[in-house]
Undergrad: 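Structure in structure tokens, see below.
Every number for a ligand or one of its atoms is a count from 1 in the order of the listing. All values below were derived from every heavy atom in this structure, side-chain atoms included, with hydrogens, water molecules and symmetry-related copies excluded. A quick note: this is a predicted structure, and the numbers were derived from the prediction, not measured.
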Amino acid sequence: MTRLIVGGAQMGPAQKADSRETVVARMMDLMREASAKGVGMLVYPELALTTFFPRWYMEDRAEADFWFEREMPNGATRPLFDLAAELGIAMTFGYAELTPDGHHFNTSILTNRKGEIVGKYRKIHLPGHVEYDPERTHQHLEKRYFEPGDLGFNVWRNEGVLMGMAICNDRRWPETFRCMGLQGVQLVTIGYNTPSVNSQNGGEGLKERLFHSELSLQVGAYQNATFVAGIAKAGVEDGNPLMGGSVIVDPNGFIIAKAETEGDELITADCDFDLCAFGKSTIFDFARHRRIEHYGRITAQTGVIEPR
Ligand code: ING
């Protein structure tokens with residue numbers, strides 16, 4: 001039987017003026033709280049180390065490099081890795097990655113309980129736009145500052161559990177979960193930074209956004225018989241609200257832990273990963289039930305082609 005207490009380290013806002021060190025200190029406080037509750041795997045949000053800088057238009061993209069990490073771990077994050085190894089906690093967190101050959105990704109890493117990086121994911125589904133959009137109340141310039149991820153959706157056997165990573169907007173695309181489901185995933189971690197209001201669709205408010213986030217995470221879990229941890233960076237960053245709503249979902253799609261605030265808040269769930277087996281061997285026994293000869297359109301087409 002494989003069992004881990006999974007922790008979701010929801011984080012409150014990171015202001016533009018906050019140093020990496022200040023934010024890492026908060027992450028370490030959450031890790032100590034997690035350790036006291038027996039957490040073995042701790043999930044932090046997307047872009048955990050900094051404010052959600054893609055909300056800011058910078059004409060010179062090189063200016064945005066200030067928000068990127070050139071190596072991981074690095075001076076600011078090494079204390080977090082050392083604490084994780086000391087406490088024996090595996091973790092995942094997101095950050096902006098600038099590679100030695102100059103590529104920019106919205107990245108997350110996965111470590112084992114010894115603080116060693118065992119996996120890396122680069123965000124594939126980038127929402128938003130490239131150029132300044134005067135029509136929008138808030139800019140969302142992820143397509144300006146990041147390239148689409150080039151590592152695919154992978155799953156790693158980490159501490160006896162098949163774990164996969166995705167980031168924020170990825171949760172809105174079923175392909176994300178299925179690609180990992182086809183690798184037997186038992187825990188999908190998804191950090192997110194989701195604005196509380198939609199800069200384009202006036203009608204969609206916080207309530208709808210929270211609903212769509214939970215809907216996406218629950219259906220991804222259920223249809224792939226996997227646990228899912230969706231963990232937010234939340235609260236108001238320099239006047240810009242991000243929603244909370246962090247949850248841990250079980251393989252039947254039920255929410256088993258949920259954050260109540262928009263600040264630094266630890267949620268936990270005692271996860272028996274053998275619970276994934278029932279769905280994977282019955283309703284969602286992919287080998288027995290899927291009919292791939294009819295799915296070609298999913299990878300043959302990018303956009304819609306309507307019938308004549
Ligand atoms: N943020 C948002 C997200 O996908 C968004 C952007 C919100 C897109 C709502 C569509 C609808 O949660 C990030 N960082 O992807």
Side-chain angles (χ1 to χ4, degrees), residues 8-14 16 23 43-58 64 67-68 92-97 104-108 121-133 135-149 153 165-177 188-221 228-247 249 258-259 262 303:
Q10 175 179 287
M11 294 174 65
K16 273 182 102 167
V23 174
V43 184
Y44 290 104
E46 171 188 31
L47 294 175
L49 305 176
T50 65
T51 196
F52 184 71
F53 65 87
R55 68 166 65 89
W56 307 114
Y57 177 72
M58 290 164 262
W67 301 108
F68 285 74
T92 175
F93 66 84
Y95 64 96
E97 177 191 16
H104 297 74
F105 296 107
N106 186 341
T107 295
S108 66
Y121 171 70
R122 290 166 172 163
K123 186 175 183 179
I124 287 170
H125 298 101
L126 297 171
H129 47 109
V130 176
E131 300 303 334
Y132 183 83
D133 181 349
E135 299 301 309
R136 285 173 180 250
T137 57
H138 299 72
Q139 304 299 305
H140 196 113
L141 292 153
E142 289 193 61
K143 292 185 193 292
R144 182 178 185 80
Y145 300 125
F146 301 121
E147 299 168 56
F153 294 110
M165 292 179 278
I167 298 175
C168 201
N169 196 258
D170 287 324
R171 73 191 184 284
R172 301 178 193 279
W173 304 93
E175 295 87 345
T176 300
F177 291 98
V188 177
T189 65
I190 305 184
Y192 62 86
N193 288 204
T194 300
S196 302
V197 291
N198 190 328
S199 57
Q200 292 173 298
N201 162 9
E204 189 198 35
L206 178 58
K207 183 166 68 72
E208 291 81 3
R209 286 232 153 159
L210 287 167
F211 171 73
H212 290 150
S213 184
E214 286 187 10
L215 180 68
S216 302
L217 297 167
Q218 288 180 274
V219 74
V228 174
I231 308 303
K233 170 141 61 67
V236 180
E237 296 191 331
D238 298 286
N240 299 275
L242 294 171
M243 69 178 218
S246 302
V247 291
V249 184
K258 183 166 180 175
E262 291 192 340

Undergrad: To which protein heavy atom is atom 13 (C) of ligand 1 closest, and what is the distance rounded to 0.1 Å?
TA: Cys168 SG, 2.9 Å
Undergrad: In a check of side-chain contact (heavy atoms from CB on, under 4.5 Å) between His129 and each of Glu142, Lys143, Arg136, Arg144, which one passes?
TA: Arg136
Undergrad: For Trp173 and His125, take the angle between the two ring planes, folded into 0 to 90°, and tell me which bin it lands in: parallel under 30, tilted 30 to 60, perpendicular over 60.
TA: parallel
Undergrad: In Å, rounded to the nearest 0.5 Å, how long is the span from CZ of Arg55 to CG of Asn240?
TA: 4.5 Å
Undergrad: For atom 12 (O) of ligand 1, find the nearest protein heavy atom and state the residue, atom name and distance (0.1 Å precision).
TA: Thr194 OG1, 2.7 Å
Undergrad: Are side-chain N/O atoms of Thr176 and Arg171 paired as donor and acceptor at under 3.5 Å?
TA: no
Undergrad: Answer yes or no: does an N/O atom from Arg172 fall short of 3.5 Å to an N/O atom of ligand 1?
TA: yes
Undergrad: Does a salt bridge link Glu204 with Arg209, judged by any charged N lying under 4.0 Å from a carboxylate O?
TA: yes
Undergrad: Can His212 be said to touch ligand 1, with heavy atoms closer than 4.0 Å?
TA: no
Undergrad: Are Tyr145 and Phe52 near enough that their ring centres are under 6.0 Å apart?
TA: no
Undergrad: What protein heavy atom sits nearest atom 6 (C) of ligand 1, and how far away is it?
TA: His140 CE1, 3.6 Å
Undergrad: Looking at Glu46, which atoms of ligand 1 are within less than 4.0 Å of one of its heavy atoms?
TA: 14 (N)
Undergrad: Please list, in number order, the atoms of ligand 1 under 4.0 Å from a heavy atom of Lys123.
TA: 13 (C), 14 (N), 15 (O)
Undergrad: Around atom 8 (C) of ligand 1, find the nearest protein heavy atom and jot down its residue, atom name and distance.
TA: Asn169 ND2, 3.4 Å
Undergrad: Using a 4.0 Å cut-off to any heavy atom of Arg209, which atoms of ligand 1 qualify?
TA: 7 (C), 9 (C), 11 (C)
Undergrad: Among Asp170, Thr189, Asn106, exactly one meets side-chain contact (heavy atoms from CB on, under 4.5 Å) together with Tyr121. Which residue is that?
TA: Asp170
Undergrad: Could you tell me, atom by atom, which parts of ligand 1 come under 4.0 Å of a heavy atom of Glu142?
TA: 13 (C), 14 (N), 15 (O)
Undergrad: Please list, in number order, the atoms of ligand 1 under 4.0 Å from a heavy atom of Asn193.
TA: 1 (N), 13 (C), 14 (N)
Undergrad: How long is the straight-line distance from CZ of Phe68 back to CG of Leu49, given to the nearest 0.5 Å?
TA: 12.0 Å
